[in-house]
Structures are given as C-alpha cells and as structure tokens.
There are 2 protein chains.
Amino acid sequence: MLTKTEENYLKTIYSLELLHSKNVNTTLIAKELKTRASSVTDMLKKLADKDLVNYKKYQGVKLTLNGKNIAVKIIRRHRLWEVFLVNKLHYNWDQVHELAEQLEHIKSDTLTDKLEAFLNYPEFDPHGDPIPNKDGDITHHKNNMLSSVAINNNYVIIGVKDSSSAFLKLLDSVNLKIGSTVKIISKEEFDSSMVIESNQNSFSISHQTSKNLYVKKI
Amino acid sequence: MLTKTEENYLKTIYSLELLHSKNVNTTLIAKELKTRASSVTDMLKKLADKDLVNYKKYQGVKLTLNGKNIAVKIIRRHRLWEVFLVNKLHYNWDQVHELAEQLEHIKSDTLTDKLEAFLNYPEFDPHGDPIPNKDGDITHHKNNMLSSVAINNNYVIIGVKDSSSAFLKLLDSVNLKIGSTVKIISKEEFDSSMVIESNQNSFSISHQTSKNLYVKKI
DNA sequence: ATAAATATTTAGACTTGTCTAAATATTAAA
DNA sequence: TTTAATATTTAGACAAGTCTAAATATTTAT
Ligand SMILES: [Mn+2]
Ligand SMILES: [Mn+2]
Ligand SMILES: [Mn+2]
Ligand SMILES: [Mn+2]
C-alpha cells in the first residue's frame, strides 16, 4: 500500500508528463510539490524500487504503466469527490480542491465506484476536467483555449486550465461558468485582452483569463 | 493541527474513559491501539505538552476539556460518515467502520456540518450510536442490555455495543436490526442463552449476543 | 573546447512514531 | 512488611520523509 506522499508524487509526475512529454526532471517536481530537489531524488529512488517510475540518474523520470495506472486512479478519486462536494454538499467550485486533495487518499476498492454510481456517473468534474472511468480510460481536453480562437464565432466554455480559487472567483464575478456561451467581439493588440459577449452583455477579459479557458466551437 | 495518530489517541482515551471513569492507564491504551506501552508513554507526553491530557507519571491520563472536545468532534465525523456510507452509498452496516476510520481524519471546518445537513441531521449512526451535535453535546446509551432485562416484555433494539463485522453479520442472519422489536421467551440457566421472539418467529441467541444489544422498553 | 551556470545527487542531520531491552515504580501476595 | 508480579518509564535504535550544505554532472555560453 502506498503512502499519501508516494501517491502525491505519482499524481504530480503524471500531470507534468502531460505538459512536457519528455522525462520529468527533479527540479520541476520539487517546485510543484513545494519541496527540495534532494528530497525528490530520495523519493524517486523509492518509487523506482517499487517499479512505479523509470529512473536513471540525472535523466529525470517517467511513470511505468503501473505508476500511471495508480496516478489515474487517484485523479479519478479526486475529481469524483469534487463533484460530490459541489453537487451534493453545495460547495462553490473554488472551495473544493484542497478538500479533494485529502479525500483522494482514502483507501478503498469499493468506495470510488459506489461514489461514482451515487453521482450518476459524471463525465467531468466541477472545473470541466474529465473523470477517468473504472478502467482508467480518460480523454483529455484538446488545447483549445479561448485566447487562440477565431473572432465572431460562438464557443462554449468546457473547462478551466487554472483552477485556483482566485481565478474561479473572478469567473464567478463576471458570471462565466462551464457551459457558458461566449463570442469574441474584438481583440486588443497591445495586451491581448479581448472583449467578449456572454449572457447578453459584453465585457473585457485579460489574456491571462482567456488563455485559461478551454472552449469548444458550437 | 493534530496528526492522525494524535487524533486516534484522543479518540481511544475518550472511549476508555467512558468505560472506566478513573484515569486511563498506559497498558489499556496500548492494547486498544495495538501498539506498545512505551510508545504510548511517548505520545502521552506529547499530548500533555499540547494540553490535551493531564498526565502524571505512573498515574495514567485524563482528557482535558480541550482534548475531550476534539475527541468528540472526531467521533461526530466518524459517525456522520458512517451514515453517509450506509444511507447514501448503500454499504452494509458491517462494512463501514474501517472506512470511517479514515474519513474521520479529513480536516475541514465546514465539511462535517455540510455533511450533517445533507444527511438531514441524523441522531444516530448505523449501529445506533448517538451523533454529537455541532456543540459537542452527546447523550450516551444507558447500559440497558438485552441480557439483563425482564422476560415477557417488549423491547426495541436501539444499538449494538460490539460493532465488529462478525457480530453484525450474525445479526443480519437472524434479521435483527436497529428498530427490531424483541421479547424474551425464556432464559437458559446453564449458559445464559435465551429464546427470543422477533419478526414473528422465535430463536435462540447466546449470552455473548444478548449482552451486546442495547434495548429500550416499549 | 574550456569555463560558467544550472541541475542533480550525496552526506549527514532532524522529526514523528514506532520498537526492544533494561531500569524503575506500583501493586499484590505471602 | 518484605518479596514477587505487574505496570510504566527510559534509553537507544530504526524507517519515512524532509532539510542544508557540499560534491558531481550536465548544459549553456563564450
Ligand atoms: Mn482539484
Ligand atoms: Mn494529495
Ligand atoms: Mn465505527
Ligand atoms: Mn482513526
């Protein structure tokens, strides 16, 4: 049985692999987990001993199939708990991540599946992230951000890339949510901000905002 | 913030205090937590430093008000999660204790209260144990066991003292549950077993069984 | 291709919670 | 009330996960 710490390393390595494709390096993991490179090295050796990562000195790491499966399982638990917290306990979407960080480590073969059934097999978490199924299959978002999409067409927001509380509260304040329809009215060359139309009114959003919104053409 | 281990010590000391009234001794705690007396001594010093127990060498411990409040809070979380697992996720009552042992350590000021509301403010957990309210008030069961109660009267089962899976499955097999009505038909002097009537049929139960059932006269 | 900058690993130490073995207290028995 | 049994504490050690400082490797720049 893995410790909470080991699980968190696996999850972090998994998400870094998604971003970078090549081997994940020590420093990145350290930064992500707010720990030191030397601590990461120690842990990578342990994970390698357990056949969860392939590790060669100075070469960074890559998850083994084994390690990847476990990482996906933890992400599945995390996202299902987030759905529970928002849909059933009525938390706001900016308040659930830290709680899910704890809940994802509850060890049970049956709990995740029962929770999933109770929630009616949701496909996405409150931030639009896809929930892996029981077999670990997961379809990731295309990198289709509002920042890089054509003007004057209708799009629907399908996810947020940054799910920090600060960003989510900003979205709340302009009433943008998963499922909202948006149309780009104009772009500003100077700072890449844009005026968009949504919910029958139009307003300006920063580049920082638009590049963190996954959209799909309607 | 307390560690999971510290929380488990507090919870254990609390339940031992309920049984024994005087100071709880090192050996008992060690047995209950399946650890060694020397480990317990170490921890008692730490808990005393944090003003959670009163500890004097060789004299055992007693929870401070502070420690007691925390213990009750953990018990509250444990029992609410058990209700969730049985009522919402449809676990059987013999399968939820170990999971609740994990869930009770999720740290959140709001989660317990939201969960309680979601479950419609249950007063008892699936084993009939009372759930402390938000202020930590709790009314414990009177020690009214089926084993020591008059013959030929009607009682209702309000709780189980032992909530091991083995015992709960035995109760399932004879269809005895919280809320079941029972009447003692006869007692056997030799082994203190008794024949009882419940659900329109009568059968024999051991002393071991009857002394683990809390009942209330109808 | 050598030097400088950056990344990574090693060495040694600390904390938490645990253990065994030995020392000391308390309690029960004779 | 002295001895024997039992309970408790201390001493010293270990594993997990972390840290700082120092040693090595790798990468980048000149
Ligand atoms: Mn999250
Ligand atoms: Mn986590
Ligand atoms: Mn329980
Ligand atoms: Mn516990």
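Computed over heavy atoms, backbone and side chain alike; hydrogens, waters and symmetry mates excluded. So that the names make sense, note that chain A is the first sequence line, chain B the second, and so on, each numbered from 1.
- The CD1 atom of B:Ile29 sits 14 Å away from the P atom of D:dA7 (whole-angstrom rounding).
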Nucleotides 23-26 of chain C: which of its N/O atoms have a protein N/O under 3.5 Å away?
{"from": "C:dA25", "atom 1": "O4'", "to": "B:Tyr58", "atom 2": "OH", "distance (Å)": "3.2"}

Sequence neighbours left out, cut at 3.5 Å: what donor-acceptor pairs do the side chains of residues 122-146 of chain A make with other protein atoms?
{"from": "A:Asp125", "atom 1": "OD1", "to": "A:His127", "atom 2": "N", "distance (Å)": "2.7"}
{"from": "A:Asp125", "atom 1": "OD1", "to": "A:Gly128", "atom 2": "N", "distance (Å)": "3.1"}
{"from": "A:Asp125", "atom 1": "OD1", "to": "A:Asp129", "atom 2": "N", "distance (Å)": "3.0"}
{"from": "A:His127", "atom 1": "ND1", "to": "A:Glu82", "atom 2": "OE1", "distance (Å)": "3.1"}
{"from": "A:His127", "atom 1": "NE2", "to": "A:Trp93", "atom 2": "O", "distance (Å)": "2.8"}
{"from": "A:Asn133", "atom 1": "OD1", "to": "A:Asp135", "atom 2": "N", "distance (Å)": "2.9"}
{"from": "A:Asn133", "atom 1": "OD1", "to": "A:Gly136", "atom 2": "N", "distance (Å)": "3.0"}
{"from": "A:Asn133", "atom 1": "OD1", "to": "A:Asp137", "atom 2": "N", "distance (Å)": "3.0"}
{"from": "A:Asn133", "atom 1": "ND2", "to": "A:Asp137", "atom 2": "OD2", "distance (Å)": "3.2"}
{"from": "A:Lys134", "atom 1": "NZ", "to": "A:Asp113", "atom 2": "OD2", "distance (Å)": "3.3"}
{"from": "A:His140", "atom 1": "NE2", "to": "A:Tyr14", "atom 2": "OH", "distance (Å)": "3.2"}
{"from": "A:His141", "atom 1": "NE2", "to": "A:Gly128", "atom 2": "O", "distance (Å)": "3.1"}
{"from": "A:Asn144", "atom 1": "ND2", "to": "A:Val215", "atom 2": "O", "distance (Å)": "3.2"}

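- Atom pair B:His20:NE2 and D:dA7:P shows a separation of 13 Å (rounding to whole Å applied).
- At whole-Å resolution of the value, CG in B:Asp49 and P in C:dG17 are 12 Å apart.
- With sequence neighbours excluded, no residue forms a side-chain hydrogen bond (donor to acceptor under 3.5 Å, both in side chains) with A:Ser148.
- Under the rule for a side-chain hydrogen bond (donor to acceptor under 3.5 Å, both in side chains), the partners of B:Ser193 that lie at least two apart in sequence or sit in another chain are B:Asp191.
- Remark: B:Ser164 pairs with B:Asp162 by the side-chain hydrogen bond (donor to acceptor under 3.5 Å, both in side chains) rule, at least two apart or across chains.
- Contacts with DNA chain D (heavy atom under 4.0 Å) in residues 7-15 of chain B: none are found.
- The nearest whole Å value for the distance from the CG atom in A:Asn25 to the P atom in D:dT26 is 14 Å.
- For the salt bridge (charged side-chain N to carboxylate O under 4.0 Å, His left out) test, residues two or more places apart in sequence or in another chain that qualify with B:Glu104 are B:Lys11.
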Identify each donor-acceptor pair in which a side-chain atom of residues 33-57 of chain B lies under 3.5 Å from a protein atom, sequence neighbours left out, and give them as a table.
{"from": "B:Thr41", "atom 1": "OG1", "to": "B:Ala37", "atom 2": "O", "distance (Å)": "3.1"}
{"from": "B:Lys50", "atom 1": "NZ", "to": "B:Glu6", "atom 2": "OE1", "distance (Å)": "3.4"}
{"from": "B:Lys50", "atom 1": "NZ", "to": "B:Glu6", "atom 2": "OE2", "distance (Å)": "2.8"}

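- Within the structure, salt bridge (charged side-chain N to carboxylate O under 4.0 Å, His left out) pairs that include any residue of residues 60-75 of chain B do not occur (at least two apart or interchain).
- Side chain to side chain, A:His20 and A:Asn25 fail the donor-acceptor criterion of an N or O pair below 3.5 Å.
- At a non-hydrogen distance threshold of 4.0 Å, B:Ser38, B:Ser39, B:Asp42, B:Met43, B:Lys46 from residues 38-47 of chain B come into contact with DNA chain C.
- Residues passing the side-chain hydrogen bond (donor to acceptor under 3.5 Å, both in side chains) test with A:Thr64, sequence neighbours excluded: none.
- For the OP1/OP2 pair of D:dA16 and a distance below 4.0 Å, the side-chain nitrogens and oxygens of A:Thr3 include no atom meeting the criterion.
- In this entry the distance linking NZ of A:Lys56 with P of C:dT9 reads 13 Å, nearest Å.
- A donor and an acceptor atom, one from each side chain of A:Thr26 and A:Tyr58, are nowhere located under 3.5 Å apart.
- Side-chain proximity of A:Glu6 to D:dC19, C:dG17, D:dG17: nearest is D:dG17.
- Listed by chain and residue number, B:His97 satisfy the ring-ring contact (aromatic ring centres under 6.0 Å, His included) test with B:His78 (two or more places apart in sequence, or in another chain).
- Between the P atom of D:dG17 and the NZ atom of A:Lys50 lies a distance of 7 Å, rounded to the nearest Å.
- Distance CZ (B:Arg36) to C1' (D:dA11): 17 Å, rounded to an integer number of Å.
- Rounded to a whole Å, the CG atom of B:Leu2 is 14 Å from the C1' atom of C:dT16.
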